[in-house]
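The structure appears below as structure tokens.
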Amino acid sequence: MSQRKSKNTKSHVSEAAAKADALHQYQETDGHFSLVRNFRLADLVTIMNGVCGSFSIFSSARYLLTNDSDYLWSALSFPLAGLMFDFLDGKVARWRKSSSMLGQELDSLADLISFGVAPSLLAFVVGLRTYLDTVVLTGFICCGLARLARFNATVALVPKDTAGKAKYFEGLPIPSSLMLVAILSYWAKNDWIAGKEGIPWGTITLWGPVGGRGELHVVSIVFGLWAAAMVSKTLRVPKL
């Protein structure tokens, strides 16, 4: 027991020292572009994840303005490209043996854009446009935000393997939302979207008249359950 405690104490001390060194680095670097000079290669890869998510958002907006399906397919494709960069940034950090506190925060913010905001807007674009739909989609984004914040705060407490990687995720990782994007893509391919054949499974009216504020697409419930799974404490997903 004492050996285990000493190991945990040493790991916490080393982590605290690493954080102190990182803070000292940013504090001692002056100049208008000092932030850019402090970027690691892995940080730039992470930013590309955010770029992909941003392009997805703007492509969704252009589809709403023009009804051009090319923009819709671009919006559906960019989150997948973001996943590629999300996968690569960790590989690059280990290859370069260089990681930073800034990189960890960048990773979470980029994930929120590419796997939280972009998929929610895609769901709206495809047809989840009622008042309650937007409430559910907003909750989806906020649960993704909370899940990422919890990960940053508790990652040191999650058991690690011999390589230092966490053994499991607490709750569904936010990139799992790409499974929902895949479903939306299938619907778009079959014209099961707003303005064409409509969203599968239809709507239910919880209160008020049909078409009013109490109307909800059944598929929105899936987004709500997915959001709950992301913030779950008891759901543990093995890390590949």
Side-chain angles (χ1 to χ4, degrees), residues 47-88 109-145 147-148 171-206 210-230 237 240:
I47 288 175
M48 288 304 301
N49 177 12
V51 169
C52 290
S54 300
F55 270 117
S56 176
I57 292 169
F58 286 120
S59 296
S60 292
R62 285 187 176 276
Y63 173 74
L64 289 174
L65 290 173
T66 65
N67 207 32
D68 185 343
S69 60
D70 286 344
Y71 288 123
L72 176 58
W73 285 110
S74 294
L76 289 164
S77 300
F78 276 119
L80 182 60
L83 180 66
M84 179 188 68
F85 288 111
D86 187 46
F87 175 76
L88 284 177
L109 294 171
D111 283 356
L112 181 64
I113 297 171
S114 294
F115 312 127
V117 179
S120 296
L121 182 55
L122 276 166
F124 179 87
V125 167
V126 165
L128 303 185
R129 302 179 184 178
T130 71
Y131 173 76
L132 286 182
D133 288 340
T134 58
V135 170
V136 172
L137 294 176
T138 301
F140 182 86
I141 295 171
C142 291
C143 284
L145 175 62
R147 191 247 179 272
L148 290 166
L172 280 179
I174 193 170
S176 66
S177 65
L178 287 184
M179 296 177 67
L180 298 175
V181 174
I183 294 172
L184 298 178
S185 300
Y186 180 74
W187 288 356
K189 181 180 178 181
N190 289 280
D191 292 336
W192 299 340
I193 60 176
K196 296 186 179 179
E197 296 185 20
I199 294 291
W201 308 336
T203 62
I204 55 175
T205 302
L206 301 181
V210 175
R213 285 196 158 202
E215 190 173 52
L216 174 75
H217 280 92
V218 174
V219 72
S220 289
I221 298 173
V222 177
F223 277 83
L225 293 174
W226 208 280
M230 284 195 292
V237 181
L240 300 178

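Start at 1 with the first residue, then count along the sequence.
- Taken to the nearest 0.5 Å, the CG atom of Asn49 stands 9.5 Å off from the OG atom of Ser54.
- Applying the side chain to side chain contact (heavy atoms under 4.5 Å, CB included) rule to Lys189 yields the partners Trp73; only residues at least two apart in sequence or on another chain are considered.
- To the nearest 0.5 Å, the span separating CG on Leu72 from CG on Asp70 amounts to 9.5 Å.
- Looking at heavy atoms from C-beta onward, Val125 lies out of side-chain contact with Leu184 at the 4.5 angstrom threshold.
- Here the side chains of Asp86 and Phe115 are in contact, with some heavy-atom distance below 4.5 Å.
- Closest approach of Ile193 and Ile199 over heavy atoms only: CA-CD1, 4.4 Å.
- To the nearest 0.5 angstrom, Asn190 atom CG is 11.0 Å from Lys196 atom NZ.
- The minimum heavy-atom distance between Leu178 and Pro79, with the atom names listed, is CD2-CB, 3.5 Å.
- Annotation: side chain to side chain contact (heavy atoms under 4.5 Å, CB included) contacts of Ala75 (sequence neighbours excluded): Ser56, Ser59, Ser60, Leu122.
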(Q) Could you go through Val219 and Trp187, starting from their C-alpha distance and side-chain angles, then the distance that decides it, and tell me whether this counts as side-chain contact (heavy atoms from CB on, under 4.5 Å)? (A) CA-CA 12 Å; Val219 72; Trp187 288 356; 3.3 Å; yes
Q.
As a quick check of understanding, evaluate side-chain contact (heavy atoms from CB on, under 4.5 Å) for Ser114 and Leu83, giving each step before the final call.
A. CA-CA 8 Å; Ser114 294; Leu83 180 66; over 6 Å; no
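- Residues satisfying the side chain to side chain contact (heavy atoms under 4.5 Å, CB included) criterion with Leu109, sequence neighbours excluded, are absent altogether.
- Take Phe87 and apply the ring-ring contact (aromatic ring centres under 6.0 Å, His included) test, not counting sequence neighbours, and it matches no residue.
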Q | Full working for side-chain contact (heavy atoms from CB on, under 4.5 Å) between Ser120 and Phe223 | A | CA-CA 9 Å; Ser120 296; Phe223 277 83; 5.6 Å; no
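- What you find for Leu76 and Val181 is that their closest heavy atoms are O-CG1, 3.7 Å.
- Contact between Met230 and Arg147 at its shortest, heavy atoms only, is O-CG, 2.9 Å.
- Remark: Leu65 CG to Phe58 CZ distance equals 12.0 Å, nearest 0.5 Å.
- Taking CD1 of Ile183 as the start and OG of Ser177 as the end, the distance is 11.0 Å to the nearest 0.5 Å.
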Side chains of residues 132-143: which donor-acceptor partners sit under 3.5 Å, not counting sequence neighbours?
| unit_1 | atom_1 | unit_2 | atom_2 | d |
| --- | --- | --- | --- | --- |
| Asp133 | OD1 | Thr130 | OG1 | 3.3 |
| Asp133 | OD1 | His217 | N | 3.1 |
| Asp133 | OD1 | Ser220 | OG | 2.6 |
| Asp133 | OD2 | Arg129 | N | 3.2 |
| Asp133 | OD2 | Thr130 | N | 3.2 |
| Asp133 | OD2 | Thr130 | OG1 | 2.9 |
| Asp133 | OD2 | His217 | ND1 | 2.6 |
| Thr134 | OG1 | Tyr131 | O | 2.6 |
| Thr138 | OG1 | Thr134 | O | 2.7 |

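- A pairwise comparison of heavy atoms in Thr203 and Glu215 identifies OG1-OE2, 3.0 Å as the closest pair.
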Q.
One pair to check against side-chain contact (heavy atoms from CB on, under 4.5 Å): Leu180 and Val222. What are the steps and the verdict?
A. CA-CA 9 Å; Leu180 298 175; Val222 177; 4.1 Å; yes
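- Take Tyr71 and apply the side chain to side chain contact (heavy atoms under 4.5 Å, CB included) test, not counting sequence neighbours, and it matches Arg62, Tyr63, Thr66, Asp68.
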